[in-house]
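Data block below; observations after.
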Number of protein chains: 2
Amino acid sequence: MALQPVARRSVPDEVFDQILDDVVSGEFTPGEALPSERRLAEVLGVSRPAVREALQRVAQAGLVEVRQGDSTTVRDYRRHASLDLLPRLLLPRGELDPSVARSILEARLLIGPRVARLAAERAGARLEARLLTAVAAIEADPDPVARQRHALVFWDHIVDGADSIVFRLMFNSLRAAYEPALGALATLMANEVDQVDVYRALAGRITGGDADGADRAAHDLLAPATDALLTAIRQLEELP
Amino acid sequence: MALQPVARRSVPDEVFDQILDDVVSGEFTPGEALPSERRLAEVLGVSRPAVREALQRVAQAGLVEVRQGDSTTVRDYRRHASLDLLPRLLLPRGELDPSVARSILEARLLIGPRVARLAAERAGARLEARLLTAVAAIEADPDPVARQRHALVFWDHIVDGADSIVFRLMFNSLRAAYEPALGALATLMANEVDQVDVYRALAGRITGGDADGADRAAHDLLAPATDALLTAIRQLEELP
DNA sequence: CAAAATCGACTGGTATGACCACTTGACCTC
DNA sequence: GAGGTCAAGTGGTCATACCAGTCGATTTTG
C-alpha cells in the first residue's frame with residue numbers, strides 16, 4: 001500500500017470548492033443571488049473572512065459577480081468562465097464527462113499540429129535534446145499513466161518552441177484539466193503513448209525544421225484517440 | 001467632455017494588480033520569495049487581510065505558490081498561468097505588445113475557421129436569426145470600435161453553435177483580452193469589420209450547414225488582419 | 001398623482017488584534 | 001552524522017467593530 005501525502009485543505013479552499021460545484025452543477029442558476037457572506041459563514045460554520053476570500057476567488061473565476069451593497073449574483077459560466085474551469089467540467093464527481101473529453105480531444109487535434117508546425121518553423125534543432133530526452137522517457141516507462149506524464153513534458157517543450165504566448169497559456173490550462181484525469185483517460189490514451197516511433201518521428205520533423213511534416217506527424221499521433229472517443233460516444237448513443 | 005463613471009477600486013484589487021504587474025514585468029523572478037503578508041501590509045499601508053485576499057487570488061492565477069509556514073514564492077507564469085493573464089500581457093502599461101497581438105491573431109486564425117466549421121455542422125439554421133441580427137448591427141454602426149464589439153457578439157453566437165466547451169471557454173478568455181484593446185486594435189481591424197458582405201457570407205455558410213464553406217469564409221475573413229500585423233512587425237524589425 | 005428625497009435594513013468592504021498551524025534553520029544530544 | 005528540540009518567522013483562522021454602497025419602502029414636495 002503506497003502512502004500518499006495528506007494535503008491539508010484550507011477553509012477558504014473548501015468553501016471555494018463547494019460554491020464552485022454548486023454553480024457548475026446548476027444548484028445555483030445564472031442571475032440567482034447567493035446567500036450573504038454572513039449567512040454563508042453561519043451555514044458553513046466558518047468565519048466571514050474565509051467566505052469572503054472564497055467568494056472573491058469564485059468571482060475571479062468568472063462564476064459570480066460581486067457588487068458592494070448588493071447580493072452576489074451567479075453568472076453563466078459558459079459565458080464568463082475561462083479554461084481554468086475545465087478540470088471541474090471534465091471530472092464532475094470524479095467521473096469523466098464524455099462531451100467535455102470530446103471537446104478537449106477535438107481542440108487538441110486542432111492545436112497540436114499547428115503548434116508542432118510553429119515549433120518546426122521557429123525552434124527546430126534547438127529542441128532536439130529536450131525532445132529526445134522526453135521520447136526516451138516515454139519509451140523507458142512501462143506504466144501508461146506515467147507515459148502520459150512524459151508525453152505532456154514532450155508537448156511542453158514543443159509548445160515552448162512554438163513561440164506563442166497564447167498557445168503556451170492554453171497548454172497550461174489544458175494540462176491542468178488533463179492531469180487529474182490521467183487515470184480515467186489511460187485506456188483511451190494507451191495506444192497513443194505506446195507509439196514511441198511516432199513520437200520520435202514527430203521530434204525528427206520538428207528538429208529538422210520540416211513544418212509540413214511536423215504538422216502531419218502530430219495529426220497522425222493525435223487523431224486516433226479523438227476518433228476512438230467519438231466512436232465510443234456514438235456507440236453509447238446507439239444503446240437503447 | 002464625456003463624464004465617465006468612476007469605478008471604485010477595492011484595496012485587494014489594487015494589491016492584486018501591483019503584485020501581478022511586478023511578477024509579469026520580471027520585478028519578481030521565478031523562485032524568488034515575496035515579502036511576508038505582514039511586511040507587504042506594512043509597506044503598502046493596508047491591512048493584512050487585504051494582502052492575504054490579493055495573494056490568494058494571485059496564487060489562483062498561477063503566478064505564485066503559497067505554502068503555510070514558508071514564504072510565498074513566485075512561479076514562472078509562462079508555465080503555470082492560464083489564458084486569464086492575456087489581458088495583462090497584451091497591454092502592458094497601456095501599449096500593445098506586438099508579439100502578444102501576433103500570437104492572439106495566429107490563434108484566432110487557427111480556431112475561428114474550425115469553430116465556424118463546427119457551428120455549420122452542429123447548429124446550422126438554428127443560428128440564423130442571431131447571426132443576421134449581429135451582421136445587421138455591424139453594418140448599422142459606423143464606429144470601428146463599436147463594430148468590433150458587434151463582431152464579438154457575432155462570434156459569440158458561432159462559438160455557442162460549435163458545441164464545444166473548450167472553444168467556448170477559450171473564446172471567453174480571448175474576448176477578455178481583446179476587449180480592453182479594442183481601441184488599440186481598431187486600425188488593424190478596421191478592414192475586417194468593414195467587410196459586412198464577408199460576415200454575411202460566413203453567416204450564410206454556417207446556417208446553410210456548409211462546413212467547408214464556413215471554414216473557408218472564416219479564414220478569408222480573419223486572415224488579412226493576421227497578415228497585416230505580421231507585415232507590420234516585419235517592417236518594424238527591418239528598421240535600423 | 002408623480003417625482004424626488006429620506007430612511008432603514010441589508011449587503012459587501014476594511015481594519016485590528018488575538019491566536020493557531022506549519023516550516024525552517026540553528027543548536028544540542030547521542 | 002543522524003535525530004530531536006526550539007525559536008522565529010511564515011501563512012491560516014477567527015471575532016469584533018466599523019465603513020461604504022444598494023435597494024425598497026415610506027415620506028415629502030410640487
Side-chain angles (χ1 to χ4, degrees), chain A residues 3-20 22-23 27-75 80, chain B residues 3-20 22-23 27-75 80:
Chain A
L3 299 180
Q4 299 288 345
V6 176
R8 185 169 183 271
R9 304 261 301 156
S10 74
V11 169
D13 275 348
E14 301 272 17
V15 175
F16 176 78
D17 281 348
Q18 276 202 48
I19 297 172
L20 213 66
D22 283 348
V23 173
E27 189 84 32
F28 294 126
T29 56
E32 188 174 349
L34 290 196
S36 69
E37 292 179 356
R38 292 173 177 92
R39 180 69 182 142
L40 281 171
E42 188 187 314
V43 167
L44 298 173
V46 300
S47 71
R48 193 177 145 212
V51 168
R52 165 170 196 78
E53 190 179 306
L55 275 180
Q56 298 296 331
R57 286 170 51 198
V58 176
Q60 183 167 297
L63 274 72
V64 298
E65 183 178 12
V66 177
R67 282 189 314 130
Q68 183 173 350
D70 204 358
S71 302
T72 293
T73 54
V74 176
R75 285 176 161 214
H80 293 103
Chain B
L3 298 181
Q4 299 288 342
V6 176
R8 184 168 183 275
R9 302 261 299 158
S10 74
V11 170
D13 275 349
E14 299 275 6
V15 176
F16 175 79
D17 280 349
Q18 274 203 48
I19 297 173
L20 212 67
D22 283 349
V23 173
E27 190 83 34
F28 293 125
T29 56
E32 188 174 348
L34 289 196
S36 69
E37 292 180 357
R38 292 174 177 91
R39 180 67 184 144
L40 280 171
E42 188 187 313
V43 167
L44 298 173
V46 300
S47 71
R48 193 176 144 217
V51 169
R52 166 172 195 75
E53 190 178 304
L55 275 179
Q56 298 297 331
R57 286 171 51 199
V58 176
Q60 180 167 302
L63 274 70
V64 297
E65 183 177 11
V66 178
R67 282 188 315 131
Q68 183 172 350
D70 203 359
S71 303
T72 293
T73 54
V74 176
R75 287 177 160 211
H80 295 102

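The structure displayed is predicted, hence computed values, not measured ones. Quick note on labels: first sequence line is chain A, next is B, and so on, each numbered from 1.
Taking A:Asp17 as the reference, A:Arg9, A:Arg88 meet the side-chain hydrogen bond (donor to acceptor under 3.5 Å, both in side chains) condition, with sequence neighbours excluded. Contacts of B:Val15 classified as side chain to side chain contact (heavy atoms under 4.5 Å, CB included), with partners at least two apart in sequence or in another chain: B:Val11, B:Ile19, B:Leu44, B:Val46, B:Ala54. Listed by chain and number, the residues in a side-chain hydrogen bond (donor to acceptor under 3.5 Å, both in side chains) with B:Arg75 amount to none (sequence neighbours excluded). Under the side-chain hydrogen bond (donor to acceptor under 3.5 Å, both in side chains) criterion, A:Glu53 pairs with B:Arg52, sequence neighbours left out. For A:Arg38, the side-chain hydrogen bond (donor to acceptor under 3.5 Å, both in side chains) criterion is met by no residue, not counting sequence neighbours. For A:Ser10, the side chain to side chain contact (heavy atoms under 4.5 Å, CB included) partners two or more places apart in sequence, or in a different chain, are A:Pro12, A:Asp13.
B:Val74 is listed as a side-chain neighbour of B:Leu34, based on a closest heavy-atom distance under 4.5 Å.
Remark: B:Ser36 is in phosphate contact with D:dT10, judged by side-chain N or O atoms under 4.0 Å from OP1 or OP2. Between C:dT11 and A:Thr72, no contact under 4.0 Å exists linking OP1 or OP2 to a side-chain N or O.
Note: CD (B:Glu65) to P (D:dT10) measures 17 Å, nearest angstrom. Between the P atom of C:dT14 and the CG atom of B:Leu40 lies a distance of 17 Å, rounded to the nearest Å. Atom pair A:Glu42:CD and C:dG12:C1' shows a separation of 17 Å (rounding to whole Å applied). B:Phe16 places its CZ atom 15 Å from the P atom of C:dG13, with the value rounded to the nearest Å.
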Donor-acceptor pairs are to be reported for all side-chain atoms of residues 60-67 of chain B against protein atoms at under 3.5 Å, with residues two or more places apart or in another chain.
unit_1: B:Gln60; atom_1: OE1; unit_2: A:Arg57; atom_2: NE; d: 2.8
unit_1: B:Gln60; atom_1: NE2; unit_2: A:Arg57; atom_2: O; d: 3.0
unit_1: B:Arg67; atom_1: NH2; unit_2: B:Asp70; atom_2: OD2; d: 2.6

I need a per-nucleotide contact map over nucleotides 12-21 of chain D, read 5' to 3'. Cutoff is protein heavy atoms under 4.0 Å; write B for the base, S for backbone only, - otherwise. BBBS--B-BB

What protein N or O atoms touch nucleotides 4-6 of chain C N or O atoms at under 3.5 angstrom, if any, and at what distances?
none

